[in-house]
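What follows is a set of notes on a single structure, which appears directly below.
Since the model is a prediction, treat every value here as computed from it, not as a measurement.
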Amino acid sequence: MNEKIKFLPLSFSWVAIHPNPKGVIQFIGGAFFGSFPTVFYRYLLKALFDEGYTIIALPFRFTFRHWSVSISLLREQKVLSQEISQIANKLNYPTEVYQNPENYFWVGHSLGCKYIALLELLSGDRWRDILRRCNSNADSQIRQIEQSFMDNPNLKRSIKDQPSLLIAPDISDTQSAIPRPLAFIARFLDSNNLGVIPTREQTLCYISKSPLFNLTGIISFDRDTIAGSEQDRFKDEEQRINSDVLWLIEYLKQGNLPLLHQELSGKHLAPLGIQVGNYVIELNPLTKFIQRIQNRPLERVVIQFLDKLSMRV
């Protein structure tokens, strides 16, 4: 593969169109770093492009209203599927892959995974009932969601048959979005209905009541203190309860298909990095971590998982 990855600004995203694509990856990262995905996740996205995928890098948008972000991702998919086809056609690249929704994959890191999970929830017919079963004040969320689709009447609500891969999933709420020394602010926001919606508790309940998530894989990291890890099962009760990774692993084990999960060595920001020669430099000012490419398994595992997920469709 000698084609060099090149991102074009399309709609609200960055897109790298592959000359012979086997699928389309829609990637959304975590807070701050995900605002500049083509910079901070450069090596990961390049590896996926080299594997044969057209890449859509969806910049992270910070807000406490997570339903609106998720639905905006659906709008981007609709717009970009048309625009990418037109550009590919002008370049004499194949365009058939963009017409089939089953060729689209979702890959998220950190908080980006929550937005993908909310889209999965909306893909079923019972989402209103699920929201009401988990939340006594669900009607306001339902109205918000319905209004979003009324404003976009031709928007398809479902990502059914589109596999998703969650990397270090962080089902964030107000408490995790605000530093601990300022926890009183988080409590104030939540008490006045100004905090994160849906909350972590609500989101996990929504997922637990959903019959979907059969096309979902998870990659976690053994030293992740934000999303958690499989190792949290051996820790105290508070860490077990607050571990999103451990909760999702246990939930997905109950699904109709075998659990697709692998835990790698590393911390929460392991997916970040750019290539310099034979090394990947993690663009995290707190760690300044450098790793030889041959010792970095993440991209290989992501590609393997995407292949396995595609066979489940």
Nearest heavy-atom neighbours spanning Asp222 and Gly266: OD1-N, 3.0 Å
Donor-acceptor contacts under 3.5 Å from residues 82-94 side chains, at least two apart:
from	atom 1	to	atom 2	distance (Å)
Ser85	OG	Ser81	O	2.8
Ser85	OG	Gln99	NE2	3.0

Reference residue Phe40; test side chain to side chain contact (heavy atoms under 4.5 Å, CB included); the match among Leu269, Ile274, Leu272: Leu272
Qualifying residue for ring pair (Phe, Tyr, Trp, His ring centres under 6.0 Å) with Tyr41, from Phe36, Phe33, Trp14, Phe27: Phe27
Note, Phe305 side chain near Val301 side chain (heavy atom, < 4.5 Å): yes
salt_bridge(Lys46, Glu299) N-O dist < 4.0 Å: no
Which atom of Ser164 lies closest to which atom of Leu309, heavy atoms considered: O-CD1, 3.6 Å
Least distance between heavy atoms, Lys235 atom then Gln239 atom: CB-OE1, 3.4 Å
Candidates Gln202, His66, Arg128 - the one meeting side chain to side chain donor-acceptor pair (under 3.5 Å) with Gln141: Gln202
Shared hydrophobic cluster for Leu155 and Trp106 (ILVMFWY, side-chain gaps under 4.5 Å): yes
Trace of the side-chain hydrogen bond (donor to acceptor under 3.5 Å, both in side chains) decision for Gln77 with Gln162: CA-CA 12 Å; Gln77 183 181 74; Gln162 295 182 357; 3.0 Å; yes
ILVMFWY cluster, Val276 and Ile290 together (side-chain gap under 4.5 Å): yes
Side chain to side chain, Thr199 and Thr174, heavy atoms closer than 4.5 Å: no
Salt-bridge criterion met for Arg200 and Asp244 (N-O under 4.0 Å): yes
ring-ring contact (aromatic ring centres under 6.0 Å, His included) pairs, two or more places apart, involving residues 223-249: Trp247-Tyr251
Residue pair Phe213 / Leu252: nearest heavy atoms and the distance that separates them: O-CD2, 3.7 Å
Leu298 versus Leu264, closest heavy-atom pair with distance: CA-CD1, 3.8 Å
Pair Arg143 + Glu146, salt bridge at N-O below 4.0 Å: no
Single-linkage hydrophobic cluster, 4.5 Å side-chain cutoff, Val245 and Leu111 together: yes
Backbone N/O of Tyr115 and side chain of Ser70: donor-acceptor pair under 3.5 Å: yes
Where Val97 and Pro21 come nearest, the two heavy atoms and their spacing: CG1-CG, 3.4 Å
